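Okay, so here's the structure we're looking at.
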Amino acid sequence: MEIAYLNGQWMPPSEAKVSVFDRGFMFGDGVYEVMPVYDGRIFTKAQHLARLARSQAEIGLAPVMSAEAWSTLLDEAVEKSGEAQALIYIQVTRGTAIERSHVYPDTPPTVFLTVTAFSPKTASEIQPLRVVTAEDIRWHRADIKVTSLIANGMIKNQALANGYDDAIMIRGDKVTEGTASNVFIVVNGEIITPPKSRWLLHGITRDEMIRAAADVGLSLREEDFDESRLSSASEIWLSSTGLELAPVGEVNDQRVGDGAPGPIWRQVFEGFQARKRLID
Ligand code: PMP
């Protein structure tokens, strides 16, 4: 059952309403978070709550509650939903202010969350993605998980309109990330992913894949690379909470390896599945 929480009240998602003067609506003035629930338990909860706290701090929004209070609230949300496999979406905005101003009002934040059923794909269900490269036209703080996703949406929808599944973004001479995912490549058997910076979201799944690669004894480097490395890579993957680890079969109409999910992808994917089973 889908459930929502809005400013202290539980309700069906369709009944959740905020004012049109909410700064989330007016200015995209808010942050969000998405975390997975596997077997009724929240995976990487502490990491997601730490990133939420960081996003809030970066936009100058005071903490709405302690990490412990968030943790209890999220556990309650999962229990109320009755969902064993789910995604929890949290949105925190700067709240409602009738006067339209760039100056931050002294209003309580809007706190909203939903729990939605989710079934991650199994290895045999996964189809390699066809992606295209696109200029990264976003702002200079892609590390903050802000609700205004307009540039990500524009790039993703342009890719879809051109017949691709997604886009990998390029800023200057560097590959940054997918429109809603982080990027990994395999070159000469070594896994490479761009380092954390202000140009990309510090994905929690990215961190987990780095740990999963270490768990299964693979070597991985966090290093910037340019677009030409995408065409020389034997494997390319996208990681996110919803995708977990998605292999890319084609980039810019050119096959990646033989186009099928690669052997290194399979090892890291399995390593990640093992980590999921270790939820404490
Ligand atoms: N980059 C962007 C732009 C994203 O939107 C997301 C997912 N929200 C990610 C990376 C992956 O982050 P995570 O692994 O924490 O879901």
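When a ligand or atom number is given, it counts from 1 through the structure's own listing order. None of these values were measured; they are calculated from a predicted model.
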* Give the atoms of ligand 1, by number and element, whose distance to some non-hydrogen atom of S240 is under 4.0 Å. => 11 (C), 14 (O), 16 (O)
* Asked: Atoms of ligand 1 less than 4.0 Å from G203 heavy atoms?
  -> 12 (O), 13 (P), 14 (O), 15 (O)
* To do: Using heavy-atom distances, let me know which of N152, V34, N182 sits nearest atom 11 (C) of ligand 1.
  => N182
* K196 and D207 ion-paired at < 4.0 Å -> yes
* Asked: Does an N or O anywhere in K145 fall below 3.5 Å from an N or O of ligand 1?
  -> yes
* Are any of the N or O atoms of L201 closer than 3.5 Å to those of ligand 1? -> no
* **Pair V175-D226, side chain to side chain contact (heavy atoms under 4.5 Å, CB included): steps then yes or no** => CA-CA 6 Å; V175 171; D226 65 16; 5.9 Å; no
* Looking only at protein heavy atoms, identify the closest one to atom 7 (C) of ligand 1 and say how far it is in Å. => A180 O, 3.4 Å
* Asked: Counting both backbone and side chain atoms, is some N or O of S239 under 3.5 Å from an N or O of ligand 1?
  -> no
* Asked: Is I168 reachable from L243 through a run of hydrophobic residues whose side-chain heavy atoms are each under 4.5 Å from the next?
  -> yes
* Answer with yes or no whether L200 contacts ligand 1, where contact means a heavy atom under 4.0 Å from a ligand atom. => no
* Asked: Looking at ligand 1, does any of its N/O atoms fall within less than 3.5 Å of an N/O of E177?
  -> yes
* To do: Start with the C-alpha gap between E190 and R221, add the side-chain angles, then the distance that decides, and say whether salt bridge (charged side-chain N to carboxylate O under 4.0 Å, His left out) holds.
  => CA-CA 8 Å; E190 190 175 36; R221 257 184 310 141; 2.8 Å; yes
* Asked: Looking only at heavy atoms of R51, does any of them come nearer than 4.0 Å to an atom of ligand 1?
  -> yes
* Can you list the steps and then say if I155 with D166 is a side chain to side chain contact (heavy atoms under 4.5 Å, CB included)? -> CA-CA 8 Å; I155 297 166; D166 208 338; over 6 Å; no
* For the rings on F43 and H48, is their centre-to-centre separation under 6.0 Å? -> no
* Asked: At a 4.0 Å threshold, what atoms of ligand 1 neighbour a non-hydrogen atom of T179?
  -> 3 (C)
* Asked: Quick one: do R275 and E208 make a salt bridge, cutoff under 4.0 Å?
  -> yes
* Asked: Should the pair R51-E33 be classified as a salt bridge under the 4.0 Å nitrogen-to-oxygen rule?
  -> yes
* Asked: What protein heavy atom sits nearest atom 16 (O) of ligand 1, and how far off is it?
  -> T241 OG1, 2.6 Å
* In ligand 1, which numbered atoms sit nearer than 4.0 Å to a non-hydrogen atom of S181? -> 1 (N), 2 (C), 4 (C), 6 (C), 9 (C), 10 (C)
* To do: For atom 14 (O) of ligand 1, find the nearest protein heavy atom and state the residue, atom name and distance (0.1 Å precision).
  => T205 OG1, 2.5 Å
* **Under-4.0 Å salt bridge between R41 and D39** => no
